[in-house]
Amino acid sequence: MKNISLKLRLIIPIAFLGIVAVLSNLLSIINIQNVNTSAANIADNYMDSKSRLSEICQSSMNIHKMALSHIVATDYDTMTTLVQQIKQEEALLDNMLAEYESHVISEDRPQYQTLLSDYESFKHALVYLVCASASHKTQYAYTLANGDVASYADAMKADIDALNASINEQTSKARTHLSTVYFISLVISITAVIICISLVFADLKLITNYIVIPVKSILKTIQKSSGSINNMTGEVLKRTYASKGSATDLSTLAEQLSATFQECSCTVKKQATKNKR
């Protein structure tokens, strides 16, 4: 440190301060991007997936209810209307399942395929139920409703619950990642602030030790020497005009005045040399 010049001593803390500030800002931008990505993933993917699964579950329940209503229907028109409604709801559910495929991750794809398989079996069981009901085979229709139809409906519900549980797990992981990114960002910001404050104080200390204090010392020395010079000059003038004193006394005063000038000059040079170091 002793071999480093004053200029470098002042520049190094300022340079470090700038580097820390730039790095801190870059890391903050990266962390903000990570937070935004995680939050967008939770909102756009996981929450949307849960909403779509809820709609799929509700649609399958609607089909099941309409099939049961077909059994208790007593007139042909009501039965025909219910069949049309079931077909429309099935078409809607087909579209929802097809659209949901883009939200399925690789780990959940086997469960999604099981859901599709159970749904196809559910639709086939509904065909037999509706046919039995339309043929007024009420007892057989109830058997089908409580047997295959109910079984496949429950299987679809279990598949949807499994997919929903997977989404909850993914959401939990995403939230944990979001909290981790926030904590890391907070630690980096606090550390950067502490380092910046330390560097500012270090630079202020260097300025005080190597600029302010030496300048004050030089000014004090100059002021003191100037006072001595003024006193000696006044004494010379006093002796010159007041009397014709001996040349020896005048010469002695001149030598003292010259020595004072030399002392002042040496002090200033020494202080300047010390500052450069």
Side-chain angles (χ1 to χ4, degrees), residues 23-68 85-130 144-191:
L23 290 177
S24 177
N25 288 332
L26 289 176
L27 290 174
S28 297
I29 292 172
I30 294 173
N31 288 329
I32 289 173
Q33 185 177 7
N34 289 333
V35 169
N36 181 67
T37 301
S38 298
N41 191 29
I42 292 173
D44 297 339
N45 294 330
Y46 301 142
M47 294 299 101
D48 186 51
S49 295
K50 287 179 69 70
S51 176
R52 288 176 180 270
L53 278 177
S54 178
E55 292 174 356
I56 291 171
C57 183
Q58 185 61 48
S59 180
S60 65
M61 291 174 62
N62 291 339
I63 294 173
H64 194 185
K65 289 178 181 179
M66 286 186 288
L68 296 177
Q85 290 176 349
I86 290 173
K87 293 297 182 181
Q88 292 175 357
E89 194 68 31
E90 285 180 347
L92 180 62
L93 184 53
D94 288 339
N95 290 332
M96 286 192 291
L97 287 170
E99 291 175 357
Y100 183 73
E101 185 176 6
S102 61
H103 293 75
V104 179
I105 61 175
S106 57
E107 292 83 355
D108 292 339
R109 190 157 292 279
Q111 190 67 58
Y112 172 72
Q113 294 298 330
T114 301
L115 173 60
L116 294 180
S117 177
D118 290 334
Y119 174 55
E120 288 298 323
S121 299
F122 176 70
K123 288 195 295 184
H124 287 304
L126 286 178
V127 171
Y128 290 112
L129 185 150
V130 171
L144 290 173
N146 295 324
D148 290 346
V149 174
S151 176
Y152 291 125
D154 291 340
M156 289 179 62
K157 180 68 166 55
D159 296 333
I160 292 172
D161 288 342
L163 291 172
N164 205 14
S166 177
I167 293 173
N168 290 335
E169 183 180 355
Q170 295 171 47
T171 304
S172 178
K173 290 180 181 179
R175 287 174 176 170
T176 301
H177 176 69
L178 189 61
S179 299
T180 302
V181 171
Y182 168 75
F183 178 75
I184 293 174
S185 179
L186 184 63
V187 171
I188 291 174
S189 297
I190 293 175
T191 303

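Atom set for the values below is all heavy atoms of this structure, side chains included, hydrogens, waters and symmetry mates excluded. One is the number of the first residue; the rest follow in order along the sequence.
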Q) How would you list, by chain and number, every residue that makes a side-chain hydrogen bond (donor to acceptor under 3.5 Å, both in side chains) with N164, sequence neighbours excluded? A) K50
Q | Residue pair E90 / L126, side-chain heavy-atom distance below 4.5 Å | A | yes
Q) Hey, are the side chains of D108 and Q170 touching, using non-hydrogen atoms and a 4.5 Å cut-off? A) yes
Q) Who passes side-chain hydrogen bond (donor to acceptor under 3.5 Å, both in side chains) against E101, sequence neighbours left out? A) R109
Q.
Please enumerate all residues that pass side chain to side chain contact (heavy atoms under 4.5 Å, CB included) together with D94, with sequence neighbours excluded.
A. Y119, K123
Q) Would you call S59 and E89 a side-chain contact if the rule is heavy atoms closer than 4.5 Å? A) yes
Q: For residues 51-61, pull every pair meeting salt bridge (charged side-chain N to carboxylate O under 4.0 Å, His left out), keeping only residues two or more places apart or in separate chains.
A: D48-R52, R52-E99
**Q.** side chain to side chain contact (heavy atoms under 4.5 Å, CB included) partners for A155, two or more places apart
**A.** D118
Q: Report the residues that fulfil salt bridge (charged side-chain N to carboxylate O under 4.0 Å, His left out) with D161, sequence neighbours left out, ordered by chain and then residue number.
A: K157
(Q) Counting neighbours of OH on Y100 that are heavy atoms of other residues, nucleotides or ligands and sit closer than 6.0 Å, is the number greater than 12? (A) yes
(Q) Just to verify, what does S151 make a side chain to side chain contact (heavy atoms under 4.5 Å, CB included) with, not counting sequence neighbours? (A) none
Q: Could I get the full list of side chain to side chain contact (heavy atoms under 4.5 Å, CB included) partners for S121, not counting sequence neighbours?
A: Y152
Q) Going through the checks in order, is the side-chain contact (heavy atoms from CB on, under 4.5 Å) test met by D159 and Y112? A) CA-CA 7 Å; D159 296 333; Y112 172 72; over 6 Å; no
Q) I160 and L53: which non-hydrogen atoms are nearest, and at how many Å? A) CG2-O, 3.9 Å
**Q.** Beyond-backbone contact of T176 with K173, side-chain heavy atoms, under 4.5 angstrom
**A.** no
Q) Excluding sequence neighbours, so at least two apart, what forms side-chain hydrogen bond (donor to acceptor under 3.5 Å, both in side chains) with Q88? A) none
Q. Looking at residues at least two apart in the chain, or sitting in another chain, which of them share a side-chain hydrogen bond (donor to acceptor under 3.5 Å, both in side chains) with E169?
A. none
